[in-house]
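Accompanying notes for the structure given below.
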Amino acid sequence: MAKNKKGRRNKPACHSVKDKDRLTTLPNDVLLNILERLDTADAIRACTLCKRMTKLPAELSRIVVDANSFTPNKVEPDLLTLSDVVQMNGALAAATEKLLNFRSQQIALHQLSLRFYLRYYDCLTIGKAVQHAMSTYNLETVEFTILTEKQGECCEETHMLCFGKQFRTFLAAFPDAFAGLTRLQLQHLHFAEPDIPNLLTTCKQLKHLRLFSCLNQDDQAVLRIEHPQLVELDINYGDFDFVELKCLPKLRHMAYVHWDCHGDPLSFGDVPLLSSLSLTNTSAGWQKNLRLSQLLSTIWVRPECPKLLGPVFHKLQRVSLVDVPEGCNIDWTMFILEAAPSLKEICITVWDHWCNMKTEEDRREEGYCDKTVVDWVSSAPDGFRHENLSKVTIYGFQPDDNLVGFVRRVMEVAVNLEEVSLYDRKARAAYACWCSRSDQIRSVSGDGDLRPEAACMERVLKSARESGSLNLSNRSLREVPKEVYNNLDTGAQDEKWWEGVDLQKLILAHNNLEVLREDLRNLSSLVVLNISHNNISSLPAAIGDLPLLKSLDVSSNQINALPEEIGFATALVKVDCSNNRLTDLPVSLARCLELSELNASNNTISVLPDELAGCSKLFRLNLEGNKLVTLSDKMFMSWTMLTEMNADHRADSFFPWGICFENLACSMQVCYYLNELSKLWTLTYASACYIQGTMTTLRKLLLTGNPMRTLRSSLVSGPTTALLKYLRSRLSSDEGASGSGSTPTKDDQIAAARRLSLSSKELDLSGLGVTSVPPAAWETNDVMKLDLSKNSIEDLPNELSLCSSLQSLILSNNKIKRWPGTVFSSLASLSLLKLDNNPLAEILATDLEALSKLEVLDLSGSASSLPEPSAVSKLPHLKELYLRRMKLHGFPDSLLGLKLLRILDLSQNYLTSVPEGIKDLTSLIELDLSDNNITTLPPELGLLEPNLQVLKLDGNPLRRVIDVKCWYLNANGLTPSLVPGKDRLSDLPDDVLLNILERLDTSDAMKTCILSKNMRATLPDMLSRIAVDVAAFSRPNHRRLTLREVVRTNGAVADLTAAVLEFRRPEIPVHHLALRFYLRYYDCISIAGTVARAMAARKLAAGAAVEFSILTEKRCGDCTDDDLVYFAGQFHTLFTAYPAVFAGLTRLQLENLWFGDSDIAGILLTCKNLRFLRLFNCKSVRRSVLQVEHNHLVELEISHGNFETIELVHVPKLQTMKCQGWISYLDPLFFGYTPLLQSLSLVDTGMSWKNSIRLSHFLANAPSLHQLNLNFQSEKIWVEPEGWKRLAPVLGELRHVTLVDLPEGCDIA
């Protein structure tokens, strides 16, 4: 095209004014009509052609979005990769969100149809948008077609199990979205037992359901389907043993393709409107033929007599027989014509397509039966005539004797035949179109005056006449049918009235009834009457004319008063009148002497009649939510069988305390709900003892919700012994004897401890009161820890030397007088020895020579056993030494040579000074000098500051606190010097001080600020980096903390976090916040609450780095699966309590948790700003697949999980990946969309059952790697050598390789 002088292209001559954009001339309603005939994605693309049409997509009343509309160019649907699916589904989710969320509420939306893949984050986006649309628009049709990434034979059972879990998560997350669905199509899902009933219950408006290749958790499962609205059901390739259509009052079309069961695949219950049935199956040799007279379905069909088929085929109008095998005589199909007088059209397809054909050998191997000829003989000797058949169609027709003969016979029988259509094999496509149209045909069910609802009611009444039980709940009844009041006497004429049963059980719950007639008295045999959840305002007096009535439920109505005649129903055992408008209860109710359960909750009752005291058999009473003021003493005196009473909510002065608890002492399981008792302010020790003493069988006492000022600690701990003694005194002699007989003996306790030691390697025989060591101590020679404390042992037997594996021996609180040198000399592995509180004699230097590996020694409380000065030097590896209550008058100089000593306890002695040589104990982290006579401390004690964490000096007569000292290094940087009195830190400028403090842990920085008044006043609030670690409050290098230490240190973290953040000014924001704490409920809530308030007050800078490292009380090796589940429950509570805090995290480290199906995905979804994630010993359902999708994650580390594989589906910013210890024999990682991945680290111990990794296949989707670290743990080499041609494409960018822990002796060539 030529250009003009201005450089613009000249328009072609053919473009005239008349040929301008003709779409712009069309009115909007015409354009919308055109656009709504397209897929919505195509409609939006079409709107981009004209500026005027850009606003039309927001006015569409029909939205149809299909994931295949976003397929990348030139990619066939069968060749889609995972990246393609991610891209397509993401585009669909984004389009759906924009179309539904940014649409005007004034524009009606009638139809919404979505076809998408089952991917977690996209499903969340779609579900949220659809749920919003349902609450905004009056949608008539909503359809979900949910696809899976794996299709056909590629989808294995493990994949289906994963897809089933994802669907359950989707359903549970958006029940309101599924509640409005009218059509749902699912595929390749593995359902658990309650999944399908739960799905049908949730999808209340569902009209069409299709299940394709869906498995069930249980083998030979029975699928029972009940749904009030379902019209069409399609089940393809399911593994259900039996499908029971139990109650589907609106079902019209049923299709079942391929069943594997031996018997009938279907059972028809209440399906009054079923008019179309399609059955497709390839008959196997072990499957039996079906009798249509028994099944009502469709060569696995056995021809039957018209007398049997007539009742089920008398309304049949159209029949389709598909894929009848070629060469098979089809005369047998004439039995359908003979049994279906109303038949108008029959279609038969005779076809063996080449791609579906099997060789005879394949057929035998796969269990197919032979293509035998089905014999049929007409039941009419002279033949029969068909009056209504008008059309016969045969596809795959061949001019052979079989088909030609069949057509001739049909033409002879069908006297009114109008059309015969015969197609050869080339017309197969035409048949497919005919089938698609025939699926939409609705055959007429025939003439008749009886409506479906009336017919259904008649069947229910007929069943009630036989069983005596009538259930008419949930039927929207406005009045009770007159047949009910007549005791079902008006039966059909063909019924045997003398075999009927009087009505005994009547359920009318959940209807719209407003009145019950006095004709109720006709039901004299009624035992159970349930009219709950209706609009009844009063009960008829005829309620008293039911002498056999035992259960009466009138709850959730609008009843103002119960009739006095109710007292004549003396057989009443249970009465429920809750949630009504009652102001009192009738006095005549006291005549019901058999009354045992009374529920009158949530009314306006202010007083109970005293006559109710006559109901002495009452054992359950619910008076919650009334206006009761008090109950009389007479009632509690007579209700001796009362075991449960609920009387909470504003029950002022309700209980007569003295009588109530005393007279209910014989009840077995009393449960009192005494909430909001305004006069219950303090539960004293005396009242507690009185309550628990008189109510000897009390199991639960709930006092929640009361404004109690305090609960005495003595109530919990003090009276336990006294109460136990008192309760035992109340037992009879026989009971006491039987109870004492159940106490385990010492031998039983020893045997139990021995059994436990087989797995734990720890034998606990403490507190048994034995005088000698039981033989169980040495009979199990692999015990590593033996606890014999709190006994009366005087000597150790020589047999104990057989315990060569013993590492810890605890002999505290015994009567050992002589050092057992013979035994100890044989325990070469002993590292811990506790002999405190024993009357030991002096320990010689030779006694300790055999314990050269000892690391912990406790001799406290044995003053005469003080070792000789040279004895301690025989223990070079000693790390902990406890010498409490040893009557020491001077610091033992021999201790100064223990260079590895970390804990030294010299408390409760008579020390007066500390030697200067204490500075040589450089490894000391805890020094306990409390309760001595020390008056001064040497300045050299300050040299222990780098490691010393705990210094206990309480209980000493110190004259003064040590002056503040300033430590600095001399010019040579080697000799530490002490210059007392001078505060050189104050001379430094604030920016320098802040730079120094921010290099420390915040707890150390706070301690440092105490040294200077200027620093203490201002600097803590100016820190831009806050790092609080629980380890800063515990003893260094102390791996195992006790529960008390965990509680103490975690509380310190919570307190310091609150102190630093709560009083900080927003003008100086925090740029880096790192917290490391234990997963303990109250501390976690306190820490997270503090961080949440800081975020809300903008005390954290925009884009601040926030890190949580959450530890557990138990280490990885000590955690059982139950511990992981318990810790996961605590984490879930924290996570759900403060989602906003986790949303702001940039780094998260978790350990020892058991995740549910969707927990990790929920964490990734909530933590939107996460850059680093570490999961250590975090597990899930075995052989589960962990899918990771996150837009900002940069570094991911997963160690010792039990995931079968980790799929990095869509992590666009991931740069570093570490995976340690996998359990799958397959490749541990799958790389999806990770374009920036540069560093990969794999650590694993190669097992014999694991496959070797082929790097060319494993790293095919990660070609940008720069660094590769492989750690083989000194075991099998799990990387398979390959040629450079295969590896070059994936390792072309590699710059650094690290191979760690190669096994010795292995050829590394």
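Considering only heavy atoms from C-beta on, L1150 stays 4.5 Å or farther from F1108 through its side chain. Side-chain contact between I1026 and L1061: present, with at least one pair of heavy atoms (C-beta onward) separated by less than 4.5 Å. At a threshold of 4.5 Å between non-hydrogen side-chain atoms, the residues F167 and L118 count as touching.
Here the straight-line distance linking atom CG of L1208 with atom CZ of F1230 works out to 9.0 Å at 0.5 Å rounding. Expressed to the nearest 0.5 Å, how far CZ of R1076 lies from OG1 of T1049 amounts to 10.5 Å. In this structure, CG in L171 is found 5.5 Å from CG in N198, a value given to the nearest 0.5 Å. Distance check: E1207 CD to E1189 CD gives 9.5 Å after rounding to the nearest 0.5 Å. Atom CD in E1062 sits 6.0 Å away from atom NZ in K1099 (nearest 0.5 Å). To the nearest 0.5 Å, the span separating CE on M1095 from CG on L1073 amounts to 7.5 Å.
In this structure a side-chain-to-backbone donor-acceptor pair under 3.5 Å is present from N1152 to K1114. Formation of a donor-acceptor pair under 3.5 Å by the N1202 side chain with backbone atoms of S1180 is found in this model. A donor-acceptor pair is defined here as one N or O able to donate and one able to accept, closer than 3.5 Å; such a pair exists between the side chain of N791 and the backbone of L788. T201 contributes a side-chain N or O that, together with a main-chain N or O of P197, makes up a donor-acceptor pair within less than 3.5 Å. At least one donor-acceptor pair closer than 3.5 Å links the side chain of T1042 to the backbone N or O of E1045. In this structure, T1166 contributes its side chain and I1163 its backbone to no donor-acceptor pair below 3.5 Å. Between the side chain of R1171 and the backbone N or O of A1105, no donor-acceptor pair lies under 3.5 Å.
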Inset, instruction - Applying side-chain contact (heavy atoms from CB on, under 4.5 Å), run through F1131 and I1110 and close with a yes or a no. - result: CA-CA 9 Å; F1131 175 76; I1110 303 179; 4.0 Å; yes
Inset, instruction - Go through the steps for L1124 and N1177 under the test side-chain contact (heavy atoms from CB on, under 4.5 Å), then give the verdict. - result: CA-CA 9 Å; L1124 300 184; N1177 192 34; 4.1 Å; yes
Inset, instruction - Please lay out, stage by stage, how F1203 and F1155 fare under the test ring-ring contact (aromatic ring centres under 6.0 Å, His included). - result: CA-CA 11 Å; F1203 307 104; F1155 288 114; 7.9 Å; no
Inset, instruction - Walk me through it: do Q1149 and E1107 pass the test side-chain contact (heavy atoms from CB on, under 4.5 Å)? - result: CA-CA 8 Å; Q1149 301 187 47; E1107 176 181 355; 3.2 Å; yes
Inset, instruction - Show the numbers, then the answer: is there a side-chain contact (heavy atoms from CB on, under 4.5 Å) between L1175 and I1160? - result: CA-CA 10 Å; L1175 302 177; I1160 297 180; 4.2 Å; yes
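Side-chain contact annotation: T745 with D748, donor-acceptor N/O pair under 3.5 Å present. Under 3.5 Å, the side chains of E1197 and Q1220 contain no donor-acceptor pair of N or O atoms. Counting only N and O atoms by type, the side chains of D836 and S812 include a donor and acceptor under 3.5 Å apart. Side chains of T1120 and D1122: no donor on one and acceptor on the other come within 3.5 Å.
Using a cut-off of 4.0 Å between Lys/Arg side-chain N and Asp/Glu carboxylate O, K834 and D858 are scored as not salt-bridged.
Screening L1148, V1141, L1100, N1169 against V1106 for a side chain to side chain contact (heavy atoms under 4.5 Å, CB included) leaves a single residue, L1100.
Taking S766 as the reference, D764 meet the side chain to side chain donor-acceptor pair (under 3.5 Å) condition, with sequence neighbours excluded.
Checked against a 6.0 Å centroid threshold, the rings of F163 and H190 do not count as neighbours.
Atom NE2 of H1132 sits in a sparse spot, with 12 or fewer heavy atoms from other residues, nucleotides or ligands closer than 6.0 Å.
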